[in-house]
Amino acid sequence: MSHLFQEIQTTASAIAKEVFGVDIDPSELPLQETRKEFDGDFTMVVFPLTKHKLGSPQQIAETLGIGLIDRLSYLTAFNVIKGFLNLSLSAEYWVNFVADQAQSEAFLSLDHGQGQTVVVEYCSPNTNKPLHLGHLRNIILGYSLTEILRASGYHVVPTCLFNDRGTNISKSMVAWLAVGKEETPADRGVKGDKLVGDYYVAFNDMLKEQAAPLLAQGIDKREADNQTAVMQAVHDMTVKWEQGDPEVVSLWKKMNGWFYEAVQDTFSRMGISFEKFYYESEVYLKGKEAVAEGLEKGVFTQAADGSVEIDLTEDKLDKKTLLRGNGTSLYITQDLAIAADKYAEFEMDKSIYVVGNEQEYHFQVLFKILEKLEKPFANGLYHLSYGMVELPTGKMKSREGTIVEADDLLDEMRSQAKEETSQNLAKVQEMSTEELELLYETLGQGALKYYLVKVDPRKKMLFDPKESIELKGNTGPFIQYSYARIQAVKRKAATMTIPAFHAALALEDHLMEEEKTLSRLLFRYPAVLKEAGDSYNPALLANYAYEVAKEFNRFYQQATILKADAPNTSAFRLMLADFAGRIIEQSLRLLGIGVPSRM
RNA sequence: GCCCUCGUAGUUCAAUGGAUAGAAUAGGAGUUUCCUAAACUCUAGAUCCAAGUUCGAUUCUUGGCGAGGGCACCA
C-alpha cells in the first residue's frame, strides 16, 4: 500500500491509542477512494472498530477525523456519514504529486519482486496446426503477466513448450505423403503452419471416409477409427519415429521446420519472444529419474507389469499412472521432467503455467506430486487457468470448420482499422504509407489484444467477431486514441510559449473536479500494478488503462489546456495530460499493446 | 456418480465484505467558430432462487436451479 495510506492509517491508529486507549492495527482501518457522490478523496471505513466498543461509528469517525486533520497538514477537511470518514486532501498535495511524479521513471515500476526468478510457460502449441483464437488469449495473458511481473521487480523467464511429436503430427505427415505430392509452403504460397494444418484436416477427411463403412456395421467409433488404414499408417509412423527411422525423422523435421518458421512470424508480428523453448520430442523419454526418485521415496508404487502409479485418493484426487507397463512416459511424466529441468537451469522461486482450465485437474495432480517429492520449488507453482474462448455459434471445432485462426484474425483486425481510419483521413494525411501501415497494425492488434485481456482470465469469454472489430467504447483503440490526443496537445504546446510549471505560483485555490479525479486515478497506478501481479490478473491493468483514458477524455472535454486563464494553469494541465499519457503508454505496453502518436 | 469454474441491464464486461451495484454496446435526446467528435453530456435499463453469518452480502456458508469443464497405461 502506498506511503500515503500507511501514514493515514498509522496516524489514525495512534489517535485511537491515545483517545480510547486501544491498540488498533492500521490494517483494521481500510482506506478506499471516496465515491464521487460524496465530498472527499479517500474514505476510512471505521465500522471494524465498533467491536472494540468505543462508541457509535459516528463518534469514532468524528474523533479520528478531528485528530487526523490536526496532525496531517495535507488533510484539509473531513465529513462523516454513518461509519464512513471522508477525508479531503489539499490541492497542494495533488499538485505536488503530479509535479513530482509526472516525469518519474520510478513511478512506473515496483521493486517488490526483489529480483526473484519466475518462470512463465505459455502459448505451448501443437506443431500440426496454426495458432487459433484460444492461443491468442493464452499469448496475451502469458505475455502481459510476464511484463507485469517484470515491472514489479521480478526476473522473469518466459518459456514455451512445443508439442512436436506423436499422433497429431503423424497425421499431417501421413496425409502429406498420401496426397501432398511433395508440396511445400512456397509452392502454394501459404505459411508453413497453414500447410501442415491443411494436411491435418485432410487426414481427418480420409479418416472419416474410411471409418464410415465400419461405423455403418455398428462398430464403436474409436474402434472403427483404429481399424482404418490411415490410422494404422499413423501408428506405424509414430513407432518408426520412435525407432529413429531416418526417412520418417527427416520428414518430421521438414514439416515441423515449416511450422516453426511460420509460428515465429506470428510471434514476431505480435511482439512476443521466449527465452527458452522446450520440445516434447526431447523430453518425452525423460521423467524416468523422477519416477525412480518417487519409487525410492515410497511416494509411487510399481505394479507387477512394471507400470508405476501414485495414489492421491487421500488428497481428494484419483490414482494416476506415471509410467506405462512398457516403460514409456506419459504427458504428466514429461511435465515432471520439465519442471525439474526448469529448476536445474533457472532455480526459479515461482513457476507459472498459463494453460486452459480444461487442464486444471492435470495441474492439481502435477503440483501434488511435486509437493510429495519435496521439490524445493513445489510451493511456488501456479496454474494460471483461463476460461475457454467461445464464439456466438458455440465452441470452436476444427472438424466443423469453426476455428478462428490467429493470422487471419490479425489480418482482419488490421483491415478493419484501416477502413475506420480512412474515414478520418484528415487527421493522418501527413503520414507516409509506411507509417499508416504501422498504424493499422498497431490499432488492429490493440483492438484484438485489449478485447482478449480485459476479461477476468478465469472466466470463459465470448468472442463476438462483430463486437471485437468495434473501435469505439471500451476498446483498445479508444485508449490509443486518448493517447494520440495527448501527443497532439503536446505537439501543439511545443509551438507555443507555455512556461514551465511553478509549484510556488498558486493555481487557483482549488483544482477542477476533473483535474483532481484524474490525479487521483493516476495515483492509483502502482497499487493496480501490484495487484495485477499478485493476483496474476492482467485484466485489472487493462480495465485501469480504460479508466484513465475515459477520465482523461472527460478532463479534456471540460478543461482548456493550452488556453487556460493563467499560464501556470496551462502548464499544470499540460503536465497532468502528459502524466496520463505516460501511464496509458506504460499500462498498454505491459499488455503488449502499442500506442500511436497520432491517429 | 464424484470434483472444479461460472450465473450481474436486451447483449458483452466491472465491482480488496462497504455508501444510491459501475462501464460499453444496442435504444431515446443533445454537444463541433475553441487543444483530434474513434470524444463528451443527459436519459432508460440488472445482482438466478431460498435460507444463514454480519453493523453491512454481487462478494462468505449451505441447499436448490441453470451453463461450461474435468475425473485415461491420450495430449
Side-chain angles (χ1 to χ4, degrees), chain A residues 30 32 34-38 43 45 47-48 50-51 56-57 81-84 86 126 163 165-168 280 284 303 305-309 316-318 320-332 334 356-362 364-365 385 387-388 390 392 395 417 420-421 423-424 426-428 443 451 454-456 458-464 466-468 470-475 477-482 484-493 496 527 531 535 539-540 543 546-547 549-550 552-554 556-564 570 573-574 577 598-599:
Chain A
Q32 58 195 24
T34 302
R35 294 180 66 105
K36 64 172 177 288
E37 57 267 36
F38 301 100
T43 297
V45 184
F47 286 109
T50 54
K51 66 176 179 229
S56 73
I81 294 168
K82 293 190 278 183
F84 298 97
N86 299 321
N126 294 332
N163 298 299
R165 63 162 288 277
T167 308
N168 286 334
E280 186 191 334
Y284 86 108
D305 67 352
S307 67
V308 175
E309 68 169 22
K316 290 184 171 180
L317 299 166
D318 291 322
K320 184 78 188 174
T321 301
L322 300 167
L323 202 64
R324 291 192 181 96
N326 66 10
T328 56
S329 300
L330 286 114
Y331 183 51
I332 193 152
Q334 291 173 42
N357 63 8
E358 69 274 11
Q359 296 206 38
E360 227 153 69
Y361 181 76
H362 167 79
Q364 275 181 32
V365 172
S385 165
M388 200 165 297
E390 292 179 356
K395 286 182 65 175
E420 192 77 16
T421 304
Q423 290 172 9
N424 299 304
K427 296 179 188 175
V428 289
L443 295 177
Y451 187 90
K454 73 176 175 182
V455 181
D456 186 331
R458 61 173 195 277
K459 290 188 181 177
K460 69 180 178 203
M461 66 172 291
L462 185 83
F463 186 87
D464 185 342
K466 268 199 243 109
E467 197 190 316
S468 69
E470 194 56 58
L471 308 176
K472 298 174 181 175
N474 187 356
T475 65
F478 166 75
I479 305 172
Q480 291 170 317
Y481 170 73
S482 309
R485 272 184 139 181
I486 293 168
Q487 305 319 304
V489 174
K490 284 168 66 182
R491 279 192 297 273
K492 185 75 180 282
M496 300 167 61
E531 181 64 21
S535 62
L540 297 178
N543 288 316
Y546 172 69
E547 267 189 83
K550 181 90 184 145
F552 169 76
N553 278 304
R554 198 169 289 153
Y556 181 87
Q557 187 78 18
Q558 205 62 33
T560 304
I561 298 173
L562 299 177
K563 294 175 188 165
S570 281
R573 290 179 182 167
L574 190 58
R598 65 184 80 210
M599 63 185 276

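Residue numbers begin at 1 in each chain, while the letters A, B, ... track the order of the sequences. What you are looking at is a predicted structure, and each value in this text was computed from that prediction instead of being measured.
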So what does [X] hit on the nucleic acid, given a heavy-atom distance under 4.0 Å: a base, only sugar-phosphate, or nothing?
X	value
A/G166	nothing
A/A303	nothing
A/A484	base
A/E280	sugar-phosphate
A/E467	sugar-phosphate
A/L330	sugar-phosphate
A/P48	base
A/S307	base
A/D464	nothing
A/P57	nothing

Can you give me the closest heavy-atom contact between [X] and [Y], atom names plus distance?
X	Y	answer
A/K454	A/N474	NZ-O, 3.3 Å
A/V455	A/A539	O-CB, 3.6 Å
A/F552	A/A577	CE1-CB, 3.9 Å
A/P48	A/P30	CG-CD, 4.3 Å

Nearest-nucleotide pick for [X], side chain only, options being [options]:
X	options	value
A/I81	B/rU16, B/rA39, B/rA19	B/rA19
A/L462	B/rU12, B/rC4, B/rA38	B/rU12
A/F38	B/rA19, B/rA38, B/rU41	B/rA19
A/V489	B/rU36, B/rA38, B/rG18	B/rU36
A/R35	B/rA21, B/rA39, B/rA24	B/rA21
A/Q557	B/rA38, B/rC34, B/rA39	B/rA39

Side-chain N or O of [X] less than 4.0 angstrom from OP1 or OP2 on [N]?
X	N	value
A/R458	B/rU5	no
A/K459	B/rA14	yes
A/R485	B/rA39	no
A/K36	B/rU20	no
A/Y331	B/rA75	no
A/R324	B/rA72	no
A/K320	B/rC73	no
A/K454	B/rU12	no

Nearest-angstrom distance from the residue atom [atom1] of [X] to [atom2] of [N]:
X	N	atom1	atom2	value
A/Q359	B/rC4	CD	C1'	14 Å
A/F84	B/rG17	CZ	C1'	11 Å
A/R554	B/rU36	CZ	P	20 Å
A/H362	B/rG70	NE2	P	14 Å
A/Y556	B/rC34	OH	P	11 Å
A/M461	B/rA24	CE	C1'	14 Å
A/L471	B/rA38	CG	C1'	7 Å
A/Y361	B/rC2	OH	C1'	11 Å

With a 3.5 angstrom cut-off on both distances, give the Watson-Crick or G-U wobble partner of [N], or none if there isn't one.
N	value
B/rG45	none
B/rU5	B/rA67
B/rU61	B/rA51
B/rU11	B/rA24
B/rA39	B/rU31

**Report entry** A/E470 and A/Y451: CA distance, side-chain angles, deciding distance, side-chain contact (heavy atoms from CB on, under 4.5 Å) verdict
**Finding:** CA-CA 10 Å; A/E470 194 56 58; A/Y451 187 90; over 6 Å; no
Requested in this report: Could you tell me whether the side-chain ring of A/F478 sits stacked on the base of B/rA38, using a centroid cut-off under 5.5 Å and a plane angle under 30°?
Outcome: no
Query raised in the report: Would you call A/Y546 stacked on B/rA23, i.e. ring centres under 5.5 Å apart with the planes less than 30° off parallel?
Result: no
Taking atom types as they are modelled, would you say the side chain of [X] forms a donor-acceptor pair with the base of [N] within the 3.5 Å cutoff?
X	N	answer
A/T560	B/rC34	no
A/T43	B/rA19	yes
A/D318	B/rA72	no
A/T421	B/rA38	yes
A/N543	B/rC13	no

Report task. Using a 4.5 Å cut-off on heavy atoms from C-beta on, say whether the side chain of A/L443 contacts that of A/L471. Result -> no
Roughly how many Å apart are [M] and [N], using the [atom1] atom of each and rounding to a whole number?
N	M	atom1	answer
B/rA21	B/rA14	C1'	10 Å
B/rG27	B/rA9	C1'	12 Å
B/rG63	B/rG10	P	30 Å
B/rG70	B/rU12	C1'	27 Å

**Report entry** Gap separating the OH atom of A/Y331 from the CG atom of A/N163, nearest 0.5 angstrom
**Finding:** 6.0 Å
Query raised in the report: Say you draw a straight line from CG of A/L330 to CD1 of A/I332; how long is it, rounded to the nearest 0.5 Å?
Result: 9.0 Å
Query raised in the report: What's the verdict on side-chain contact (heavy atoms from CB on, under 4.5 Å) for A/Y361 and A/D318, showing C-alpha distance, side-chain angles and the deciding distance?
Result: CA-CA 10 Å; A/Y361 181 76; A/D318 291 322; 3.4 Å; yes
**Report entry** Residue closer to the 5' end of RNA chain B, A/E420 versus A/T34 (nearest nucleotide)
**Finding:** A/T34
Query raised in the report: Considering heavy-atom distances to RNA chain B, does A/N168 or A/V45 have its closest nucleotide positioned more toward the 5' end?
Result: A/V45
Query raised in the report: Could you go step by step and tell me if A/T421 and A/M599 meet the side-chain contact (heavy atoms from CB on, under 4.5 Å) rule?
Result: CA-CA 7 Å; A/T421 304; A/M599 63 185 276; over 6 Å; no
